[in-house]
There are 4 protein chains.
Amino acid sequence: MTTGSKFPVKRPRAKSGSTSGRPKFRRRADARPDEILDAALAVFTEKGFDAARVDDIAMRAGISKGAVYLYFNSKDALLRGLIEREVAPAAHRLRALAEAGGDDPKSTLTLLVTAATQLLSDPRMFATPKLVLSVAPRFKEIAQFYRERVIDETIGAIASLHRRGVENGAFRDIDSDAVARMVIGPILVHAMRKHVLGAKDAAPPDLRAKAHLQILFEGIAA
Amino acid sequence: MTTGSKFPVKRPRAKSGSTSGRPKFRRRADARPDEILDAALAVFTEKGFDAARVDDIAMRAGISKGAVYLYFNSKDALLRGLIEREVAPAAHRLRALAEAGGDDPKSTLTLLVTAATQLLSDPRMFATPKLVLSVAPRFKEIAQFYRERVIDETIGAIASLHRRGVENGAFRDIDSDAVARMVIGPILVHAMRKHVLGAKDAAPPDLRAKAHLQILFEGIAA
Amino acid sequence: MTTGSKFPVKRPRAKSGSTSGRPKFRRRADARPDEILDAALAVFTEKGFDAARVDDIAMRAGISKGAVYLYFNSKDALLRGLIEREVAPAAHRLRALAEAGGDDPKSTLTLLVTAATQLLSDPRMFATPKLVLSVAPRFKEIAQFYRERVIDETIGAIASLHRRGVENGAFRDIDSDAVARMVIGPILVHAMRKHVLGAKDAAPPDLRAKAHLQILFEGIAA
Amino acid sequence: MTTGSKFPVKRPRAKSGSTSGRPKFRRRADARPDEILDAALAVFTEKGFDAARVDDIAMRAGISKGAVYLYFNSKDALLRGLIEREVAPAAHRLRALAEAGGDDPKSTLTLLVTAATQLLSDPRMFATPKLVLSVAPRFKEIAQFYRERVIDETIGAIASLHRRGVENGAFRDIDSDAVARMVIGPILVHAMRKHVLGAKDAAPPDLRAKAHLQILFEGIAA
DNA sequence: CATGAATGAGACTTCATTCAT
DNA sequence: TATGAATGAAGTCTCATTCAT
């Protein structure tokens, strides 16, 4: 799962277990690809995939344009490598969230919503989703990859949390996917307004999370 | 306010008062701008703004590349003209939704959610939002324009609907913006999964709307 | 010589002597080509040949772009027609100058220099020469045409004036072409500085002419 | 003042201190800008600014079209860079001419006229003036730049030479600018006839210079 | 490993010219 | 005769990618 790479990336140095010679002093050459991807994420997010020039990325990574091609075969590969790298942390984050509260579904959900609200207030956390959304029409594989590995995983995790709560007697028996959308949706709306459409925050995260949970648990009917 | 055009569009001599009758034989110049914008929306949505070639748009509109420039000064102008044209209908649609159910807030909200769920299942209805999301990082003005005229309007309309319900005694007194996000969010999540990330529908719209409303009104707590 | 047209121009109306029907009231259609050439001269002079758009010319002539092509086959033809038309007046002007002063070579030359200095202070009078200079590298035929019919004619006229003066005993026997260059040169220098390079006038025409003649007749040596 | 560059030119990393010796094998990047400007001068002179294609220039410089843009931002920049580069030599040449003959104004003027006549018989020497004349209507700044730095400098130098002669008792006290025009004018007339309008030489330079000086010093009156 | 000069395909945009009306 | 919508052939400029050093 970690090794199987859907989007192959050039690895200029055989990562052979051999502690070949001395670890040298020279370059933290192993870090290069990551540095480049960091730069790529920044530039792609800022300008969009097409408008970003490989030169920009190289410059932000502090290397020459040619050097980028030592590590990645193409601009597309850069994008794919980036998304691929970002999926693992995203998936990890969401799993951490889903397991946040131990085995009480209700408090777990509370923690999850609070943490997610907090998290997605950070522009860096929303950088990858934003990028994926903007390139999705052209890179169907990336869209699919991201959906399956991040979105559907998240929905699935929340749904299963809900089901546990149902069995538990904590939650009413409703369509779990709908529940998941009720959990994610409001947070997404806010994140999009803010990070994509440039809105300024109104309410602070904790208040938003609180209201969100209140409605989620009890509804809006009097 | 409705007439004031933020993004000016070339209008080649309006051929005054021409309610001329016959659909003409060739040169139905009056329809051209709209035809071009239709084509532009299709191509932009499909490929993204940068990847779309003016040639593609011209071809889809059934005219030559040069002819596009008879009506629009640049590719950017095409985008702006398009967004501008689409904002009015979008705003109108949402207003229609918000006023869907007469003066009973509860049933109004029910109708609104049902209709919105229905509506956003149609790819064409989500085409403009999708496009806006993809160009937002580069065209801040468009992002702002769309947010103010569509998103914030929608949120405001729902929020005020909620406030009426509160005064009415139909709804509990909660943060109205949070309510609005609970109304929009789940629908948006589904639309994005489907239209942007390419997911196949699972539940049909009416079921989704029903579950959505159930949770919205009564919450998920047992 | 007058009829033989080196650069053929479309004549949409057979100029047959027939006073065909009524002279009509309608359009002074016969004037059209001239109006167009007027417009062309203005625009070409202002922007240069390439930068001038046929649309500009049409607009300045108060007609549609298509109408220009009813009278001229191409933009090049417009240029050639224009130059051709301007050559006659230019030649006529210079001949008038050369014959300005009756049969006293000295006073003729005086009048000629005075008049030419005066004349070339007018931007419109220098418009065609300026245009010819700017297109000469590309339109060799025009360059040649203009040189033979205007420049060389002028030089010839002055030279022959000089020769008459020599026979007359009024002038010393020197290279007549050199004399002609001494007559034209200073005037040209001023015209170029002013009309082409945008300099502001310093001395007024009469003073310039006077100094010019003084040197011409007596030299600068003490 | 000499360093202050009115028309900035892209300089791709000066490869510091490289007095490296060998003519290198490929990539003699240091020479590139100059090579390109040489090519540009040739093509612009031949065809005029607009009719010249960047491709032509690149081809004549022996590089690809794209490479031109590594050194110059635009076709305009190419023109400006070219003019700027040519102004210094032109100014230098004229200064050298003005100081040609030591401190005897009369012989200085004689040398100056002889040299200038000689010089402007060379097409390459007239290439830049010719170019400037052809683009002047569209590039007012270039026209002004050239006038101030070359034309007016020349006129000024000759005028001051004349004034020295006046003080000296060598020349009569006449309008010095008029004198300057009498010096330059005839040479310019010949150069234009030849290099711009394509005339064939008649008299050889030395004869022309001689006649020019004779008239200049003694006038044409018997 | 790294550089950066160089290429070449292609995009947007302009405009002379045509043609149906 | 006149219009103006439409075309299509360029032309300028950009940038991903390559390659000699």
Side-chain angles (χ1 to χ4, degrees), chain A residues 12-13 26-27 29 32 50-58 62-78, chain B residues 12-13 15 24-30 32 50-58 61-78, chain C residues 12-13 24 26-27 29 32 50-58 62-78, chain D residues 12-13 15 24-30 32 50-58 62-78:
Chain A
R13 171 166 305 187
R26 288 177 45 191
R27 284 282 191 181
R32 270 291 143 80
D50 294 86
R53 279 165 299 154
V54 174
D55 237 350
D56 294 336
I57 296 170
I63 59 177
S64 74
K65 180 165 52 166
V68 171
Y69 284 85
L70 294 174
Y71 298 94
F72 297 90
N73 284 319
S74 67
K75 196 182 174 188
D76 281 28
L78 215 45
Chain B
R13 204 169 312 245
K15 204 162 257 181
K24 281 294 171 34
F25 213 35
R26 280 189 36 201
R27 312 285 197 272
R28 55 262 118 93
D30 297 352
R32 276 290 138 82
D50 294 88
R53 282 168 302 147
V54 174
D55 238 349
D56 295 335
I57 296 170
I63 58 179
S64 74
K65 182 168 44 171
V68 172
Y69 286 89
L70 292 176
Y71 299 93
F72 297 91
N73 285 319
S74 67
K75 198 182 172 186
D76 279 33
L78 215 43
Chain C
R13 171 165 305 188
K24 276 293 174 39
R26 287 178 45 190
R27 285 282 192 183
R32 269 293 140 79
D50 295 86
R53 280 164 299 155
V54 174
D55 236 350
D56 294 336
I57 296 170
I63 58 177
S64 74
K65 181 165 49 165
V68 171
Y69 284 85
L70 293 174
Y71 298 94
F72 297 90
N73 284 317
S74 67
K75 196 182 173 186
D76 281 27
L78 215 43
Chain D
R13 205 168 315 244
K15 203 163 259 181
K24 280 293 169 37
F25 213 35
R26 282 189 34 199
R27 313 284 197 271
R28 57 258 121 92
D30 297 352
R32 275 292 138 80
D50 295 88
R53 282 169 300 147
V54 174
D55 238 349
D56 296 335
I57 296 170
I63 58 178
S64 73
K65 179 171 46 170
V68 172
Y69 285 89
L70 292 176
Y71 299 92
F72 297 90
N73 284 318
S74 66
K75 197 182 173 186
D76 280 30
L78 215 43

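In what follows, chains carry the letters A, B, and so on, assigned in the order in which the sequence lines appear, proteins first and then strands, with residues in each chain numbered from 1.
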Interatomic distance where [atom1] belongs to [X] and [atom2] belongs to [N] [whole Å]:
{"X": "D/Asp56", "N": "F/dT12", "atom1": "CG", "atom2": "C1'", "result": "13 Å"}
{"X": "D/Arg53", "N": "E/dT13", "atom1": "CZ", "atom2": "C1'", "result": "18 Å"}
{"X": "D/Ile57", "N": "F/dC13", "atom1": "CD1", "atom2": "P", "result": "11 Å"}
{"X": "B/Asp55", "N": "F/dG8", "atom1": "CG", "atom2": "P", "result": "11 Å"}
{"X": "A/Arg32", "N": "E/dC1", "atom1": "CZ", "atom2": "C1'", "result": "9 Å"}
{"X": "D/Asn73", "N": "F/dT14", "atom1": "CG", "atom2": "C1'", "result": "12 Å"}
{"X": "B/Phe72", "N": "E/dT13", "atom1": "CZ", "atom2": "P", "result": "13 Å"}

As a test of reading the structure: which of [options] is closest to the side chain of [X], going by heavy atoms?
{"X": "B/Leu70", "options": "F/dC15, E/dT7, F/dT7", "result": "F/dT7"}
{"X": "B/Ser64", "options": "E/dT7, F/dT7, F/dT3", "result": "F/dT7"}
{"X": "C/Ser74", "options": "F/dT17, E/dT17, E/dT3", "result": "E/dT17"}

Review point. If you measure from CZ on B/Phe72 to CD1 on B/Ile57, what distance do you get to the nearest 0.5 Å?
Key: 10.0 Å
Review point. Atom CZ of C/Arg32 and atom CG of C/Leu70: how far apart are they, to the nearest 0.5 Å?
Key: 9.5 Å
Practice item. For F/dT1, take OP1 and OP2 only and decide whether either is under 4.0 Å from a side-chain N or O of C/Tyr71. Key: no
Review point. Does B/Tyr69 make a side-chain N or O approach to OP1 or OP2 of E/dT14 shorter than 4.0 Å?
Key: no
Review point. Base, sugar-phosphate, or nothing: which does D/Ala58 touch, judged by heavy atoms less than 4.0 Å apart?
Key: nothing
Exercise for review: Determine the contact category for C/Ala52: base if any of its heavy atoms lies under 4.0 Å from a base atom, sugar-phosphate if only primed atoms, P, OP1 or OP2 are that close, otherwise nothing.
Suggested key: sugar-phosphate
Practice item. Using both distances under 3.5 Å as the test, list the Watson-Crick or G-U wobble partner of E/dC19, or none. Key: F/dG4
Study note, to complete from the structure: All heavy atoms of D/Lys75 vs all of D/Asp50, minimum pair found to be NZ-O, 3.3 Å
Study note, to complete from the structure: Shortest non-hydrogen pair, D/Ala58 vs D/Val68, comes out as CB-CG2, 3.7 Å
Review point. Taking N and O atoms by type only, does the side chain of C/Lys65 place a donor or acceptor under 3.5 Å from a partner on the base of E/dT17?
Key: yes
Review point. Just by distance, do the side chain of D/Lys65 and the backbone of D/Arg53 share a donor-acceptor pair under 3.5 Å?
Key: no
Exercise for review: Assign each of D/Val68 and C/Asp76 to its nearest nucleotide of DNA chain E by heavy atoms, then name whichever residue's nucleotide is nearer the 5' end.
Suggested key: D/Val68
Revision key, fill the gap. Closest to the 5' end of DNA chain E, once C/Gly66 and B/Lys75 are matched to their nearest nucleotides, is B/Lys75
